[in-house]
Amino acid sequence: MTDVLTVEGLTKTFDMHALGDKQVVGLDDVSFTVRRGEFLAIVGESGSGKSSLLKCLYRTYEPTGGSTVYHPADVDLATCDDRTVMAIRDSTLGYASQFLDEIPRVPAIDVVARPLLERGTPAAQARDRARELLDALGLPEELWEAYPATFSGGERQRVNLAQALAPEPELLLLDEPTSALDPETRTAAIELLSESTDAETTVVGVFHDRDVVERVADRVAVLDGGELQRVVPVAEFAAEEEEEVVA
Amino acid sequence: MTLLDASDLRRVYGDSCGDCVELTGDAAGTNQCPDCGAVVACADVSLDVEPGEVLGIVGESGSGKSSVAELLALERATDGQASGDVRLDGHDGNLLDADYETRHRLRNGAVGLVHQHVRDGLNLEFTGGGNVAEKLLAAGWRNYGDVRDRVRDLFAETEVPVERMDDPTETYSGGMQRRVQIARALATDPDVVILDEPTTGLDVSVQARVLDMFRRIQREEDVAAVVVSHDLGVVRLLADRTLVMRHGRVVETGLTDRVMEDPHHEYTQTLINSVI
């Protein structure tokens, strides 16, 4: 199995000038690899560095040390120039935060179709794909032409997830994409995510919910205080939990 | 490939003692020379823009953003001493040193500018259509019917009511005037458009529509742009990369989302934290 991402010694510290140049450690010497087609879940307590890790991989945060070699483009995402990052984001690397960062006054269907249009997909085809995804995620059809700014948290999250999946990126970074969904929609989302990884999209996703992790992940990376504790197969992760419960 | 390549842009107002650039800037905490009182509006500013890319420049009033915009747009210096190097793909040499005619031709062709102040960009006594047609005539358009057709298309594109094109521009709303300026800037299919505070003075709902409109056209035409604004929201919505300016200097550069979410410079952190 080939690797998509090789992370070595990834470190991120923040200099907070307003706090008397205080340094805050976000990530400390994190190393792991991500294999093609797998679903790697990142778990940990709040503040353990899960979102910081995703943002460092996507370069929304600039890492202070280490490397993240993205093999499809043969580039170190931690250190390459901004334009290389832009080109990779525009082609094969996707990211979805927990909250929809929608552009005002764009209908839901166009929010989802947008990344496809930017990649040159004809408008009609892009909108077809957007409909397909919104339908699969159970967003009521009467909302497709409405502006997501007025949507509920769960509805917005469905638009967000559909937008991330639309261009079928090679590597998709997801930050708690199902946190606001009701159980039924969450199941639909999980099925869609599982199908996507079958179709050779690799996913690195932050999840809070153990149940979701056990249903979608192939392996689990456990973060604590900005350090990577371990990366284990999902079965082992599930077994650990049972031991904890028994103990 | 680089479309627009600018280096060492500098503009100084007042009689410089010669040491002004060393004595001002971010470390000095001022853009006014403590020795001679000259104002260094901008210095040591270098940037480049690729085809289809949108570069944002943010900073508070007086940080030098508009001075940089004017130099990039090859505007005539009204006063002050300007220097630096501006190159545009397909055109020879440093365009800041080019003769008047060359700069005039570029301003009416490859480079479009949307002024911060409507009165600098439009003649309000002319009709809206006339303001756009003027740019086409300056660029060498001669056929009356072609000019009318092009103006009509540009009005439709920038969402200005076409039936108002023969009314005096002073009778237009602020939002319409801004749209006419954008129509004028885009009239000659420029390679790059410079927008200086594109939404200042417009109420919020009109701002949003003007930005939406520009974003759509920018993407459809794949035109490069430099967007200057004190409003982080404007830059966040439009720009791929962002420069942060303070006291006439660039203090930080990066991907727009990186600058907004992981600001490094003390000033950028303050700026991001000040957003209401």
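Below, chains carry the letters A, B, ... as their sequence lines are ordered, and counting in each starts from 1.
The contact between D212(B) and chain A is made entirely by side chain atoms (from C-beta outward), counting heavy-atom distances below 4.5 Å. Both the backbone and the side chain of E50(B) have a heavy atom closer than 4.5 Å to some heavy atom of chain A. Only the side chain of F14(A) comes within less than 4.5 Å of a heavy atom in chain B; its backbone stays farther off. For a residue to count as touching a neighbouring chain, one of its non-hydrogen atoms must lie under 4.5 Å from one of that chain's; by this rule H264(B) touches chain A with backbone and side chain alike. Both the backbone and the side chain of D48(B) come within less than 4.5 Å of a heavy atom in chain A.
Annotation: R131(A), atom CZ; neighbour count of heavy atoms from other residues, nucleotides and ligands within 6.0 Å is above 12. With a 6.0 Å radius and a threshold of 12 heavy atoms from other residues, nucleotides or ligands, E45(A) has its CD atom at or below the threshold. Around CD of E141(A), the count of heavy atoms belonging to other residues, nucleotides or ligands within 6.0 Å does not exceed 12. More than 12 heavy atoms of other residues, nucleotides or ligands lie within 6.0 Å of CG in D222(B), so this atom counts as buried by the packing criterion.
Within the 3.5 Å criterion, the main-chain N or O of D15(A) finds a donor-acceptor partner in the side chain of Q269(B).
Classification of K12(A) and D262(B) as a salt-bridged pair holds, one side-chain N sitting under 4.0 Å from a carboxylate O.
Ranking M86(A), K55(A), M16(A) against chain B, the residue ahead of the rest is M86(A), based on heavy-atom pairs under 4.5 Å.
No side-chain heavy atom of R258(B) sits less than 4.5 Å from a side-chain heavy atom of D82(A).
Atom CZ of residue R241(B) and atom CZ of residue R83(A) lie 3.5 Å apart, to the nearest 0.5 angstrom. Rounding to the nearest 0.5 angstrom, the gap separating the NE2 atom in H17(A) from the CG atom in N273(B) is 11.5 Å.
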